[in-house]
Number of protein chains: 2
Amino acid sequence: MARTPTTFDPFNAVAEPKRRQLIQAMGAEELSVNEIVERLGWNQPSVSKHLGVLKQVELVEERRVGRRRLYRVNAERLKPIFDWVTPFERMWSERFERLDNVLEKMKKEK
Amino acid sequence: MARTPTTFDPFNAVAEPKRRQLIQAMGAEELSVNEIVERLGWNQPSVSKHLGVLKQVELVEERRVGRRRLYRVNAERLKPIFDWVTPFERMWSERFERLDNVLEKMKKEK
DNA sequence: TTGACATATTCCGATATGGGAATATAATAT
DNA sequence: ATATTATATTCCCATATCGGAATATGTCAA
């Protein structure tokens, strides 16, 4: 067996840095391929191909209008990533850093 | 050029489902390889290899004690993932669904 | 020193990738 | 019909997987 395919799930689709960049550049807007091309400065086939992957995992949705195709981010598909990573937040968050600091001080003052 | 290597960054390391499972199984505990093997029911080389990838991207840290190696999750390396995905939360969260519902109702009642 | 235990590494093969370049498809306008 | 615009697809290749099996390394114990 080989590596998990990029189209397997949002985790794999989004592992590619350019695809993260693409999603971030789109934000909440609905954009045509050419608008994305201009915004990112990549060549058109590259944008289309990355959109193709994102579409397969439903991270973007496509709407055809005339000869253009309008894409928008389907943020719900990012929720599994958010849900997986969020529980770990307490391990690095400021609240606990502060707690650590307090404990450090208590040590020193003792 | 080929696909972004798994060891390139936490995004890629964590794209592999088994590695997410491994990290989740470890939680905040410090565990030996064998403890992880038992906990997950995988074979030992598999666990070692996945730990190797996670270690390269510093998602886990290793401490040698006798003939054992104790691993623990370095959650800070998950922060970039959290930070990247979090801004999109407002696009799916209940708060905004509720807002949508309110707006829908207002339309209908008008 | 020899064995037992804990863990890492190597060798293998099938497979999917991303980029570049070229080209195909589709819709509109003239 | 033809040209133009907008987008997708194909063909190419170098490369890094993951899993399985076997084996190597390292450390303790008797």
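Chain identifiers are assigned alphabetically (A, B, ...) following the order of the sequence lines, protein sequences preceding nucleic acid strands; residue numbering begins at 1 within each chain.
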For this session: Would you kindly compare B:Glu35 and A:His50 by the position of their nearest DNA chain C nucleotide and give the one closer to the 5′ end?
Result: B:Glu35
Problem set entry | Spacing of B:Arg63 atom CZ relative to C:dT7 atom C1', expressed in whole Å | 16 Å
Exercise. Within this structure, what is the CG-to-C1' distance between A:Leu51 and D:dA6, rounded to whole angstrom?
Worked result: 13 Å
For this session: Could you check whether B:Thr4 gets within reach of a base, just the sugar-phosphate, or nothing at all, counting any heavy atom under 4.0 Å?
Result: nothing
Exercise. Hey, does the side-chain of A:Arg67 have a donor or acceptor N/O within less than 3.5 Å of a partner on the base of D:dT5?
Worked result: yes
For this session: Taking B:Arg72 for its side chain and B:Val60 for its backbone only, find out whether a donor-acceptor pair lies under 3.5 Å.
Result: no
Exercise. Rounding to a whole Å, what distance do you find between B:Arg64:CZ and D:dT25:C1'?
Worked result: 11 Å
For this session: Would you state whether a donor and an acceptor, one from the side chain of A:Gln44 and one from the base of D:dA6, lie under 3.5 Å apart?
Result: no
For this session: May I ask you to verify if any side-chain N or O of A:Asn34 is less than 4.0 angstrom from the OP1 or OP2 atom of D:dT5?
Result: no
Exercise. What about B:Lys49: does its side chain form a donor-acceptor pair under 3.5 Å with the base of D:dG20?
Worked result: yes
Problem set entry | Pair A:Arg64 + A:Glu62, salt bridge at N-O below 4.0 Å | yes
For this session: Using atom CD of A:Glu16 as one end and atom P of C:dA16 as the other, report the distance to the nearest whole Å.
Result: 17 Å
Seminar exercise, completed: Contacts of A:Pro45 and B:Arg3 projected onto DNA chain D by closest heavy atom; the upstream (5') one is A:Pro45
For this session: Report which part of the nucleic acid B:Arg19 touches: base, sugar-phosphate, or nothing (heavy-atom distance under 4.0 Å, all strands).
Result: sugar-phosphate
Problem set entry | Length of the CD-P vector between A:Glu38 and D:dT5, whole Å | 14 Å
Problem set entry | Note: A:Glu30-A:Arg69 ion pair, threshold 4.0 Å (strictly below) | no
Problem set entry | Mutual orientation of the aromatic rings belonging to A:Phe11 and A:Trp84 [parallel < 30°, tilted 30-60°, perpendicular > 60°] | perpendicular
Problem set entry | Residue met sooner reading DNA chain C from 5', once A:Asn12 and B:Arg68 are mapped to nucleotides | B:Arg68
Seminar exercise, completed: A:Gln21 CD to C:dG18 C1', in whole Å, measures 15 Å
Problem set entry | Separation of C:dT9 P from B:Glu62 CD (nearest whole Å) | 9 Å
For this session: Report yes if a side-chain nitrogen or oxygen of B:Tyr71 is closer than 4.0 Å to either non-bridging phosphate oxygen (OP1 or OP2) of C:dA8; otherwise report no.
Result: yes
Exercise. What does B:Phe8 touch in the nucleic acid at a heavy-atom separation under 4.0 angstrom: a base, only the sugar-phosphate, or nothing?
Worked result: nothing
For this session: Using atom CD of B:Gln56 as one end and atom C1' of C:dT9 as the other, report the distance to the nearest whole Å.
Result: 13 Å
For this session: May I ask you to check whether over 12 heavy atoms, not counting those of A:Phe8, lie within 6.0 Å of atom CZ?
Result: no
